[in-house]
Novice: 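The structure's right below; bear with me while I get my questions together.
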Amino acid sequence: MKKIINDPNNVVNDMINGMIAAYPHDLRQIPNTAVIVRSDAPVVNKVALISGGGSGHEPAHAGYIGRGMLDAAVTGEVFTSPTPDQIFEAIKAVNSGNGVFLIIKNYTGDVLNFEMAAELAEAEDIKVEKVIVNDDVAVEDSSYTIGRRGIAGTVFVHKIAGAKAEKGASLEEVKSVAEKVVKNVRSMGMALSPCTVPAAGKPSFKLAEDEMEIGIGIHGEAGIERKSITSADKIAGELTDRILGDININEEDEVAVMINGLGSTPEMELYIINNKVNEILTEKGIRIYKTYVGEFMTALEMTGCSVSILKLDDELKQLLDAPSEAVAFRS
Amino acid sequence: MKKIINDPNNVVNDMINGMIAAYPHDLRQIPNTAVIVRSDAPVVNKVALISGGGSGHEPAHAGYIGRGMLDAAVTGEVFTSPTPDQIFEAIKAVNSGNGVFLIIKNYTGDVLNFEMAAELAEAEDIKVEKVIVNDDVAVEDSSYTIGRRGIAGTVFVHKIAGAKAEKGASLEEVKSVAEKVVKNVRSMGMALSPCTVPAAGKPSFKLAEDEMEIGIGIHGEAGIERKSITSADKIAGELTDRILGDININEEDEVAVMINGLGSTPEMELYIINNKVNEILTEKGIRIYKTYVGEFMTALEMTGCSVSILKLDDELKQLLDAPSEAVAFRS
Amino acid sequence: MEIKVEDAIKWFEKINEKIKLNKEYLTSLDQVIGDSDHGINMARGFEEVVNKLSAKEYGTVSEVLKDAAMTLMSKVGGASGPLFGTAFLRFSTAVKVKESVDFETFTLGLESALEGVKHRGKSTAGEKTMIDVWSPVVDFFKRENDFQPDELLYESRTAMENTKEIMATKGRASYFKENSIGHIDPGAASSYYIFEALAEVLQEGEK
Amino acid sequence: MEIKVEDAIKWFEKINEKIKLNKEYLTSLDQVIGDSDHGINMARGFEEVVNKLSAKEYGTVSEVLKDAAMTLMSKVGGASGPLFGTAFLRFSTAVKVKESVDFETFTLGLESALEGVKHRGKSTAGEKTMIDVWSPVVDFFKRENDFQPDELLYESRTAMENTKEIMATKGRASYFKENSIGHIDPGAASSYYIFEALAEVLQEGEK
Ligand SMILES: Nc1ncnc2c1ncn2[C@@H]1O[C@H](COP(=O)(O)OP(=O)(O)O)[C@@H](O)[C@H]1O
Ligand SMILES: Nc1ncnc2c1ncn2[C@@H]1O[C@H](COP(=O)(O)OP(=O)(O)O)[C@@H](O)[C@H]1O
Ligand SMILES: [Mg+2]
Ligand SMILES: [Mg+2]
Ligand SMILES: [Mg+2]
Ligand SMILES: [Mg+2]
């Protein structure tokens, strides 16, 4: 394991300290917690947005804190959902009386911990609503299992629900637009090489020198298929086709596209993927309103990428364009 | 070699296409060249800024194109300086009569090619000035050799000279503030693992499983020392001490700090480095005006980071704070 | 035999030892059909439980279980944190009546814990989770009239190993579908250590 | 013998073949004391030179050299592009007077090329660069009265191998300081192929 760290059991703490040190005017840590909030939290007359999850997905989630996006992020241990008490601390810290909105990615751990936190909050009469993001089309959508995972599409939920809240919308309105995003966003990823949880010290899976895994999750959970590495164009084609096979996007429809690097993929390669995704969509007459290329939802140093497509309407376009002062997402 | 690419000999072209596809409103490619310009170039009544160099350093250099930063970037093959004719195309495309300013990193290839392009431009009566960035303290500053390399500190030159030009400064004023940045910025990097030039197909160097290299260049050129991996705190200490040993920064002085990932280093680890850098500077009474953490000047998928410190005065602070609409550097 | 406060504390100390010893093993199980953190999560949690329990005086087994539950809930995280937390919280509530706990009450406690996990996790036996250890153990307790440490050991180990054969439909392992078959479920393995620790406490109590 | 237009063109064709054949080798030299692109750069450049030369009719050797120079300048990039470009451009200018080039004029051309590289690269012999092949080759030409292909081959190969012993003070290899010793300079190696190609053209011309 080659990492630039101190104690592997202390990486989250060191990271939080380093983040606060970097952005003392933007971010604040709630003392003795793993909760980072907007420095001006609680913001009066605004629904507060909280996201979070395991660490290792940076810039998610704390990088999305800021005017126009999140009010707080709860950071768990690496790839481990934060605990209800920590989430509850975040809820208390950002609540200004207009209600608190939780953005949860659909993993058993995240759902359980956030739900328990919501129960704690409700017991203290704090209005809490939530959305569960499940954009990963690599997983079959089954009512029997936990269902689809939440991956990079979550960033669109942060952005759009955040913009809605910033405009003074009610908790119900924020929830409703967040649900609209969830309904209209799909993602799928792939990896060329694994990552190593610092405290585990060993890679989370193995891929042969000529192998890739299509449909992998952001913690290294299994994908759809392992096969020989193909060209960027074929990879882009496969991810895009799978997404378009799952959501009804027609000619003249407008979309936002996100090409997300999982950690070790050079930006150059993300643009190469985008080149093909753009071509495929354009050929189908789908209109690309906005494209995001970069690292938005990573998996430590995993090599690979994901493609997310969000179908837009006028409201979503307007909210996507709204200003954001989040550290990792300025617009 | 595990890469998400098509033809290894066509990566730069595919990348440029993917970038233009991503930001059609911001960027424009000069047809049949490897030159990317602001979509509204040439901007009237403004000194135009051009940077460039080998590809593989993304988001450098095209990511820094935009109002408040660069007017054009010339992209060479991977790790290979672009050629004079391409640079000359960029000069012609952005020149609005107020002169063109070239930001060159101090590598033989870059210097030679940009200088030859400047000669071509002067032959056509285009006013051209340049600055050569040499912030890497890992290399001895010798008048006998080419001298120090230009690395991540170059981004500060883009930002500050770009802001100056945007304010309507003359070519000489832009040059003078760029030189001030160069005089006041120092950087040093380290790596844990190498990168592979796509067309070469093999890693550019080797490091043992427990080894790191201190002072390495952004193309994998040799550093100062290879040794066993130490803690993030020690690495941060070594890089910072070396920088502070080379520039006179005293108590109460203000600085900007950049913690730059070389490609594969998780953002988490960059924040862990920042935590210590911040502590060291703060202990010395040095005031940190602004911190940048992320990938600004990469080396494909190299694992490692660099620390840059820029000593500020009122002018530099103001220009650093000025708005920028560059794709990869919004402020 | 009755479970007294000291026995309950010793139970958690033994769980902690076992989890610590098998931290890498548990993580390696999670490496195969999860995200490589189960051993780390559990070790962090039970270490804190033991710290917590050693710093306080307890009057009832229920209080011990409650503090353990709350600590797990706030220190483990992931899926297993709320699940084990819920398990011991329900256990605590079910045995609230008495200072020390006889076999019958203990059995009710275990049953209650299992119900808690099922409810919290929206899951049931046969989905390749910790439930596939807890559920046969509860059945076993319900079949007996008194603590049977040796058989408990056997039952829980067998249950854990049987999770190999199951295809996961809950938790992160469910993404691995057929490929989850052939591998022990991490949460089942840590549940086994919980019952192995219990068996040892019971064995020592018998002497 | 005099170098005629066909010889000059054949020279570049042979350089191109050799560079293409040794592309990986050149890149591997640059992997050790550079940035792994020299073979790629040179192969790209000389391929384009040959394309260019094959598409046009030439009246003089000077024109051939000029087109080769301009193509290298605009297709190679890096440090070697402007340096080889400058070399052949100066060569072209120095031999402008005549349609074909005799030994004396060729020697002047080579000398001029070397001066161009030195001036452009602000460098001199003994710094572990291409100059350490060009300079001894020019000295050799100045010692002789006529083309000596066999000896040219020997001189240029020896010069290239001698770059092993030098510590780099120019170009990217200079960052490797003492560690550059023991390795052949990539630009010296490609320069060797240039003279090896020349020697072959001369040998064939003699027949
Ligand atoms: N819905 C569920 N019901 C019961 N147990 C579950 C459920 N989901 C997961 N588990 C258990 O949790 C274990 C994983 O715990 P852990 O690795 O700590 O959390 P995470 O999966 O969030 O990383 C699984 O091995 C399984 O036994
Ligand atoms: N200042 C210089 N003078 C002469 N030759 C040089 C100089 N700098 C570099 N070279 C030559 O250029 C070669 C490297 O070329 P190449 O790898 O194509 O460019 P880069 O170093 O920009 O990657 C070196 O091996 C050396 O022979
Ligand atoms: Mg986990
Ligand atoms: Mg190069
Ligand atoms: Mg896990
Ligand atoms: Mg090179």
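Letters A, B, ... mirror the listed sequences (proteins, then strands); counts begin at 1. All heavy atoms count here, side chains included; hydrogens, waters and symmetry mates do not.
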Novice: Between A/Met212 and A/Ile235, is there a side-chain heavy-atom distance shorter than 4.5 Å?
Specialist: yes
Novice: A/Asn6 side chain to B/Asp233 main-chain N or O, any donor-acceptor pair under 3.5 Å?
Specialist: yes
Novice: Look at A/Ser193, A/Ser231, A/Gly261, A/Ala22 and state which one has the largest set of heavy-atom pairs under 4.5 Å with chain B.
Specialist: A/Ala22
Novice: Among residues at least two apart in sequence or on other chains, which ones pass ring-ring contact (aromatic ring centres under 6.0 Å, His included) with B/His219?
Specialist: B/His57, B/Phe79, B/Tyr107
Novice: If the contact rule is any heavy atom under 4.5 Å from chain B, which residues of residues 291-307 of chain A qualify, in numerical order?
Specialist: A/Thr291, A/Val293, A/Glu295, A/Leu300, A/Glu301, A/Gly304, A/Cys305
Novice: Is it the side chain or the backbone of B/Val78 that comes within 4.5 Å of chain A heavy atoms, both, or neither?
Specialist: side chain
Novice: Is the NZ atom of B/Lys227 crowded by more than 12 outside heavy atoms at less than 6.0 Å?
Specialist: yes
Novice: Would you check if the side chain of A/Lys2 reaches a backbone N or O of B/Glu211 as a donor-acceptor pair within less than 3.5 Å?
Specialist: yes
Novice: Using only atom types and a distance under 3.5 Å, with no angle test, would you say the side chain of B/Glu58 pairs donor to acceptor with the backbone of B/Gly56?
Specialist: yes
Novice: Under 4.5 Å between any side-chain heavy atoms of A/Ser308 and A/Phe156, yes or no?
Specialist: yes
Novice: Using heavy-atom distances under 4.5 Å, tell me whether B/Ile272 contacts chain A through its side chain, its backbone, both, or neither.
Specialist: both
Novice: Tell me whether the NZ or CZ atom of A/Lys317 lies within the 45° cone about the ring axis of A/Tyr289 and under 6.0 Å from its centre.
Specialist: yes
Novice: Is chain A contacted by the side chain of B/Ala62, its backbone, both, or neither, given a heavy-atom distance below 4.5 Å?
Specialist: neither
Novice: Please flag which part of B/Ile259 lies under 4.5 Å from any non-hydrogen atom of chain A: side chain, backbone, both or neither.
Specialist: neither
Novice: With a 4.5 angstrom heavy-atom cut-off, which part of B/Pro24 approaches chain A: side chain, backbone, both or neither?
Specialist: neither
Novice: Nearest 0.5 Å, please: how far is CG in A/Leu192 from OG in A/Ser264?
Specialist: 10.0 Å
Novice: Does A/Arg330, at its CZ atom, have more than 12 non-hydrogen atoms belonging to other residues, nucleotides or ligands within less than 6.0 Å?
Specialist: yes
Novice: Which bit of B/Ile5 comes within less than 4.5 Å of chain A, counting heavy atoms only: side chain, backbone, both or neither?
Specialist: both
Novice: Let me confirm one number: the OH-CD1 distance from A/Tyr271 to B/Ile4, rounded to the nearest 0.5 Å.
Specialist: 14.5 Å
Novice: Quick check on B/Asn278 against chain A: is it the side chain, the backbone, both or neither that has a heavy atom closer than 4.5 Å?
Specialist: side chain
Novice: Can you say whether B/Asp210 sits under 4.5 Å from chain A via the side chain, the backbone, both, or neither, judging by heavy atoms?
Specialist: backbone
Novice: Please classify the contact between A/Leu207 and chain B as side chain, backbone, both or neither, with a heavy-atom cut-off of under 4.5 Å.
Specialist: both
